[in-house]
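Everything below concerns the one structure shown next.
Being a predicted model, the structure only gives us computed values, none of them experimental. Quick note: numbers below take in every heavy atom, side chains included, and nothing from hydrogens, waters or symmetry partners.
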Amino acid sequence: MTLPASHVDLDDLDPVSDDEVPPDENDDAMGTTMLSGVDGLDGSASDLRVELAVPQEVEDIPAPLLVEADAQLDMSQHALEMDYDDEVLQIGELTDPWIDPDHAEQDARMEKAFGITDGEDRMDRDREAENEVKKDYVRGFKRSGVYAMDWAGDKLLVAAKEGPGLRLHDVERGEEERTWSGEWMSIRTDPNNPFLAAGVDWRGKFKLFDTRHASQSVFDVDLKKTSPSMKDFLYLCWSPDSTNIALSNRADHIYCLHLKMVKAKENNSLRLGSSKMNMNIEVNQMVYSPSGDSLWVATGGTPGKLQIFPSNSLQTPERSVVAHNWTAISLARDPTGKYICSGGADGLITVWEPRQPLCLRCFLHPGQVISNVDFNYQGSLIAWGTGAGERSLTLMGANTAIPYYQDLTPATVTQLRWHSSKNVLAYSLNASQMSDDRPQRDRRGYSKDTPIIQLLKLPDDL
């Protein structure tokens with residue numbers, strides 16, 4: 001297939017045991033911890049007893065600590081006093097004991113922005129303290145379900161269920177600027193060019209286009225002509241260097257497209273790279289690692305795993321890590337390159353160091369299905385929405401795993417995306433769960449929209 005501004009060259013498709021570790025010879029010198037009375041170990045939990053045995057030859061060590069289950073312990077927190085150069089430091093008053101000192105200043109800014117005061121419940125939904133969070137919604141959006149959305153500069157690109165399929169909205173002016181037809185299931189803007197967007201539709205059409213023009217496309221191809229199985233697409237993601245796009249479909253197949261874009265448009269090319277046809281497991285969201293050398297795939301099943309494939313070959317995952325009790329659903333990459341976050345059907349949000357990979361911290365939202373997660377452009381906040389159970393939107397510190405904000409929404413959150421250079425979050429609600437009231441008019445005669453897509457605007461110093 002040949003396009004006026006592009007050359008398309010699509011290749012043919014190709015259809016730990018636990019070993020026993022010997023005890024260290026110096027174990028006796030290091031002390032031991034013994035638990036008794038724990039269900040499944042030794043009797044009932046009513047006589048829980050923890051004993052820290054300390055070797056007798058070590059001097060100046062207090063006697064073993066014994067804690068009985070029915071003991072009354074004083075758990076109140078008091079400031080710890082330390083004498084240093086004739087000054088008394090109130091250590092307990094300097095910082096929250098659960099906050100890494102490196103992030104204490106950031107935590108203080110978060111608390112100020114969200115109106116959290118000392119001794120107040122961070123998740124108190126009835127908090128009346130003044131905060132810097134401004135709520136708004138996208139005006140002029142015709143009521144529809146939302147398949148996907150992303151920021152194209154300061155404008156919002158939305159893949160809507162009801163036509164027209166793609167809509168570009170000027171958020172500030174509340175106007176629909178332009179549209180593209182089709183049933184687009186997933187769209188993402190280029191991480192290095194917010195005006196360039198990639199989209200894939202249900203029937204197998206792939207489109208790479210400039211959102212500033214209604215008819216200017218870099219690539220516009222029908223992937224189904226390459227292979228009948230390249231259809232029913234659900235999700236796509238960009239590599240950090242903008243040279244690869246991964247696609248997944250309802251059959252749980254994964255395909256990688258290689259892009260070559262140069263100033264001479266006639267030399268642009270699109271090539272089909274590696275593919276994975278026999279996953280034999282539910283494929284949900286995907287994300288490239290910050291370095292772009294691996295593709296992370298959230299998969300279904302019990303437990304819910306993250307399959308990590310080398311980006312140049314999808315045949316065998318280089319690693320598979322258990323991230324959730326069941327079904328890993330959502331994934332996001334920190335724009336600063338430090339973290340990858342996953343959300344699951346078990347209500348767990350996990351933050352990973354992508355090079356190891358190593359789970360650094362997690363937060364449990366019991367009884368919820370975490371259907372969407374995303375990082376703000378600074379990598380300091382994680383937003384997530386629930387797709388079942390309690391209808392809510394939550395913001396958590398990426399470096400602290402502390403929730404700073406939660407809003408009970410009138411419907412489940414279907415999509416959410418942070419702006420690429422501002423602390424503005426757009427999130428869509430399930431239109432079928434919203435009120436069926438017909439649009440009304442305000443005092444000035446303007447039609448009042450159903451707020452399907454809502455906005456949170458935060459300070460940029462977080």
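- Closest approach of T211 to A197, counting heavy atoms only: CG2-CB, 3.9 Å.
- Looking at K207 and S217, their side chains do bring a donor and an acceptor atom within 3.5 Å of each other.
- Going from atom OG of S242 over to atom CG of L259 covers 8.5 Å, rounded to the nearest 0.5 Å.
- Salt-bridge check for D154 with K422: passed, with a basic side-chain N closer than 4.0 Å to an acidic carboxylate O.
- No donor-acceptor distance shorter than 3.5 angstrom exists from the side chain of T409 to the backbone of T412, with no hydrogens or angles considered.
- Here the side chains of P240 and R333 are in contact, with some heavy-atom distance below 4.5 Å.
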task = With side-chain hydrogen bond (donor to acceptor under 3.5 Å, both in side chains) as the test, would you mind laying out the steps for S342 and H324 before giving the verdict?
result = CA-CA 9 Å; S342 70; H324 299 274; 3.0 Å; yes
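- Proximity of a side-chain donor or acceptor of R143 to a complementary backbone N or O of A431 within less than 3.5 Å is detected.
- You'll find the side chain of L166 stays beyond 4.5 Å of the side chain of L168, heavy atoms only.
- Atom-to-atom distance recorded for W238:CH2 and D190:CG is 4.0 Å, nearest 0.5 angstrom.
- Counting heavy atoms from C-beta outward, W296 and I340 have side chains that approach closer than 4.5 Å.
- Atom OG of S248 is separated from atom NZ of K276 by 14.5 Å, given to the nearest 0.5 angstrom.
- Atom OH in Y404 sits 14.5 Å away from atom NZ in K112 (nearest 0.5 Å).
- In this model, no donor atom of one side chain and acceptor atom of the other lie less than 3.5 Å apart for D136 and Q454.
- A distance below 6.0 Å separates the ring centres of F363 and W384.
- Here the side chain of Q285 pairs a donor or acceptor atom with the backbone of S371 at under 3.5 angstrom.
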inquiry  = side chain to side chain contact (heavy atoms under 4.5 Å, CB included) for T386 and V413? Distances and angles first, verdict last.
reply    = CA-CA 6 Å; T386 56; V413 177; 5.6 Å; no
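- Using a 4.5 Å cut-off on side-chain heavy atoms (C-beta onward), S294 and Y288 make no contact.
- The minimum heavy-atom distance linking S144 with K161 is given by the pair OG-N, 3.2 Å.
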Please tabulate, for the side chains in residues 455-462, all donor-acceptor contacts under 3.5 angstrom to protein atoms that are two or more places apart in sequence or on a different chain.
unit_1: D460; atom_1: OD1; unit_2: N423; atom_2: N; d: 2.9

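- Applying side chain to side chain contact (heavy atoms under 4.5 Å, CB included) to L364 and the options T350, D346, L348, I349 leaves one that passes, L348.
- Aromatic ring centres of W180 and F209: separated by under 6.0 Å.
- In plain terms, the two heavy atoms of W151 and R417 that are nearest each other are NE1-O, 3.1 Å.
- Shown here for I281 and G300, the closest heavy-atom pair between the two residues is CD1-O, 3.2 Å.
- More than 12 heavy atoms of other residues, nucleotides or ligands lie within 6.0 Å of CD in E353, so this atom counts as buried by the packing criterion.
- Residue R109 places its CZ atom among more than 12 non-hydrogen atoms of other residues, nucleotides or ligands, all under 6.0 Å distant.
- Using a 4.5 Å cut-off on side-chain heavy atoms (C-beta onward), L156 and V138 make contact.
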key: Trace of the side chain to side chain contact (heavy atoms under 4.5 Å, CB included) decision for L425 with L395   = CA-CA 10 Å; L425 176 69; L395 303 186; 4.0 Å; yes
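- A side-chain donor-acceptor contact under 3.5 Å links Q368 to the backbone of P366.
- A donor-acceptor distance shorter than 3.5 angstrom exists from the side chain of S239 to the backbone of N244, with no hydrogens or angles considered.
- Both cation-pi conditions hold for R139 and Y137: the charged atom is under 6.0 angstrom from the six-membered ring centre and inside a 45 degree cone around its axis.
- For K338, the NZ atom sits in a packed shell: over 12 heavy atoms of surrounding residues, nucleotides or ligands are nearer than 6.0 Å.
- Judged purely by atom type and a 3.5 angstrom limit, N249 uses its side chain to pair as donor or acceptor with the backbone of S229.
- Around atom CZ of R203, no more than 12 heavy atoms belonging to other residues, nucleotides or ligands sit under 6.0 Å away.
- Counting only distance, with no hydrogens or angles, the side chain of T189 and the backbone of D150 share no donor-acceptor pair below 3.5 Å.
- Ring pair H419/Y377: centre-to-centre distance not below 6.0 Å.
- Formation of a donor-acceptor pair under 3.5 Å by the R361 side chain with backbone atoms of V351 is not found in this model.
- We find that D210 and R212 are joined by a salt bridge, their nearest charged nitrogen and carboxylate oxygen being less than 4.0 Å apart.
- Using modelled atom types, one finds no donor on one side chain facing an acceptor on the other under 3.5 Å when comparing D293 with S311.
- Looking at heavy atoms from C-beta onward, H253 lies out of side-chain contact with L247 at the 4.5 angstrom threshold.
- In this structure the side chain of H365 reaches within 4.5 angstrom of the side chain of T394, judged on heavy atoms.
- Taking CG of L416 as the reference point, atom CG of N372 lies at 5.0 Å (rounded to 0.5 Å).
- A distance of 11.0 Å separates CG in L306 from CG in L295, rounded to the nearest 0.5 Å.
- Checking T414 against N430 by side-chain atom types alone, no donor-acceptor pair falls below 3.5 Å.
- Closest approach of M434 and P451 over heavy atoms only: CE-O, 4.0 Å.
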inquiry  = Walk me through whether I382 and D374 qualify under side chain to side chain contact (heavy atoms under 4.5 Å, CB included).
reply    = CA-CA 6 Å; I382 299 173; D374 197 24; over 6 Å; no
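- By the 4.5 Å heavy-atom criterion applied to side chains, R250 and K231 are not counted as neighbours.
- If you check the side chains of Y147 and S428, you find no donor sitting under 3.5 Å from an acceptor.
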inquiry  = side chain to side chain contact (heavy atoms under 4.5 Å, CB included) for K205 and W184? Distances and angles first, verdict last.
reply    = CA-CA 9 Å; K205 187 176 181 180; W184 301 94; 4.3 Å; yes
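- Contact check on K142 versus E162 returns no salt bridge, with no Lys/Arg side-chain nitrogen under 4.0 Å from an Asp/Glu carboxylate oxygen.
- When atom types are taken as modelled, the side chain of R271 and the backbone of K260 share no donor-acceptor pair closer than 3.5 angstrom.
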